[in-house]
Number of protein chains: 2
Amino acid sequence: MNISTRGRYAIRALIEIAEKGEKSVLTVKKICESQDISTTYLEHLMVKLKKSGIIGSHRGTKGGFFLKMKPEEITLFDIITSVEGPVFLSKCLKTSDKIDCKFSKDCYLRGIYSRLSRAVEDIFKQVTLEQILGEKNGRG
Amino acid sequence: MNISTRGRYAIRALIEIAEKGEKSVLTVKKICESQDISTTYLEHLMVKLKKSGIIGSHRGTKGGFFLKMKPEEITLFDIITSVEGPVFLSKCLKTSDKIDCKFSKDCYLRGIYSRLSRAVEDIFKQVTLEQILGEKNGRG
DNA sequence: CGGATATATGACTTATTTACTCATAATTAT
DNA sequence: ATAATTATGAGTAAATAAGTCATATATCCG
């Protein structure tokens, strides 16, 4: 029940990119220098953020990553699910998983888990990258 | 970001106990027979539920576990934190952990994580064992 | 063109957590 | 006493998270 390093690194990386400016690019190397995290690891996370359409990239010299969506459109939900996969509050909700208990056919708990899951998702959807940037700057 | 088997088993076990009746006891063995889960594993979870005051126990023949709180007083938050530990949405909030990043001293993200964490907690606090029992019985 | 700089991709490794099992002690009813 | 039950802690196996390594591919610039 937590945000792993994948999610937290992704948030920090996006903040860096957003702060750099609207159309400028930022290399993984530079992000990792200021954030003090592993470059090879963040590279993998960046690919996932790209696949979900949050960022774009340019290769080669003067290349790097840039925001493809506006900070006010990027939610914490988008960021975290991009790098950590879908938020399933319970494995029971994951249809791809083998059904692992004898009640799975018609389980009353599934409805409860489902509602809880949506409620948690909503919380993360209500926080945008723009708000996080605001929080960062609006302090002593 | 999910409820593990610890939490799910605990919920099921408490439902069984609650359904048995107010002052009757139920053995781990019987719970596991009807729920089809490992007895030795559930025993450990029961100890945790006991430590948090949700259930009580009697040893020996005719012993077993019983509800110590009323179903309407037991929340999903109580159950899950009992067996899975406190809900820290981010390790950053966990003061017992070694501070693992260079920003930890004065981090603007901590406030955000903290608010999110409380919001998620509230969701789990709003669901009681009584409601779950109602959901179970109020269906075809 | 050719070298430098970046991202892209996937296999591999290590650490941590989860989900158990096993053994044994302590308590209680009959 | 004995059988049934909880109590406790050590140990193990599987899954997930976290991170490394190697290499391919694209782009700019001289």
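Naming: A, B, ... by sequence-line order, numbering from 1 per chain. Basis for what follows: all heavy atoms, side chains included, without hydrogens, waters or symmetry-related copies.
- Judged by closest nucleotide on DNA chain C, Glu43(A) is the one of Glu43(A) and Arg6(B) placed further toward the 5' end.
- In this structure, Val83(B) and Leu45(B) approach most closely via the heavy-atom pair CG1-O, 3.9 Å.
- Val25(A) shares a hydrophobic cluster with Phe66(A); the chain of contacts runs through ILVMFWY side chains whose heavy atoms sit under 4.5 Å apart.
- Taking the nucleotide of DNA chain D with the nearest heavy atom to each of Glu84(A) and Gly64(B), the more 5' of the two is matched to Gly64(B).
- Ranking dT7(C), dA19(C), dT20(D) by closeness to the Tyr41(B) side chain, first place goes to dA19(C).
- Under 4.0 angstrom from either OP1 or OP2 of dC20(C) there lies at least one side-chain N or O belonging to Tyr9(B).
- At dA18(D), none of the side-chain N or O atoms of Ser38(A) fall inside 4.0 Å of OP1 or OP2 (strictly under the cut-off).
- Other residues, nucleotides and ligands place no more than 12 heavy atoms under 6.0 Å from the NZ atom of Lys30(A).
- Separating the CG atom of Asp36(B) from the P atom of dA19(C) is a distance of 16 Å, rounded to the nearest angstrom.
- Counting only distance, with no hydrogens or angles, the side chain of Glu84(B) and the backbone of Gly7(B) share a donor-acceptor pair below 3.5 Å.
- Lys91(B) has its NZ atom 7 Å from the P atom of dA18(D), to the nearest Å.
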Show me the donor-acceptor pairs within less than 3.5 Å that the side chains of residues 9-16 of chain A make with the rest of the protein, sequence neighbours left out.
| from | atom 1 | to | atom 2 | distance (Å) |
| --- | --- | --- | --- | --- |
| Glu16(A) | OE1 | Ser34(A) | OG | 2.8 |
| Glu16(A) | OE2 | Ser34(A) | OG | 3.1 |
| Glu16(A) | OE2 | Gln35(A) | NE2 | 2.8 |

Show the distances under 3.5 angstrom between N or O atoms of the protein and N or O atoms of nucleotides 3-5 of chain C.
| from | atom 1 | to | atom 2 | distance (Å) |
| --- | --- | --- | --- | --- |
| dT5(C) | O2 | Thr61(A) | N | 3.3 |

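- Nucleic acid contact for Lys50(B): sugar-phosphate only, since backbone atoms but no base atoms lie under 4.0 Å from a heavy atom of the residue.
- The shortest distance between the side-chain N/O atoms of Ser4(B) and the OP1/OP2 oxygens of dT17(C) is not below 4.0 Å.
- As rounded to whole Å, 16 Å separates atom P of dA6(C) from atom CZ of Phe66(A).
- Across all strands shown, His58(A) has heavy atoms under 4.0 Å from sugar-phosphate atoms exclusively, and none from any base.
- Within a 6.0 Å sphere centred on NZ of Lys125(A), heavy atoms belonging to other residues, nucleotides or ligands number more than 12.
- Of the possible polar contacts, one joining the Ser117(B) side chain to the Val87(B) backbone as a donor-acceptor pair under 3.5 Å is found.
- One can place CE of Met46(B) at 14 Å from P of dT5(D), the figure rounded to the nearest angstrom.
- Note that CG of Asn2(B) and CG of Leu89(A) are 7.0 Å apart. Values are rounded to the nearest 0.5 Å.
- In this entry the distance linking NE2 of His44(B) with P of dC22(C) reads 13 Å, nearest Å.
- For the pair Lys48(B) NZ and dT18(C) P, the computed distance is 9 Å after rounding to whole Å.
- Rounded to an integer number of Å, the gap from Arg8(B) CZ to dT18(C) P is 12 Å.
- In this structure, the CG atom of Leu49(B) is 14 Å from the P atom of dT8(D), given to the nearest Å.
- Residue Thr40(A) is classed as a base contact, given a heavy-atom separation below 4.0 Å to a base.
- You'll find that the side chain of Val47(B) is closest to dA7(D), out of dA8(C), dA7(D), dG19(D).
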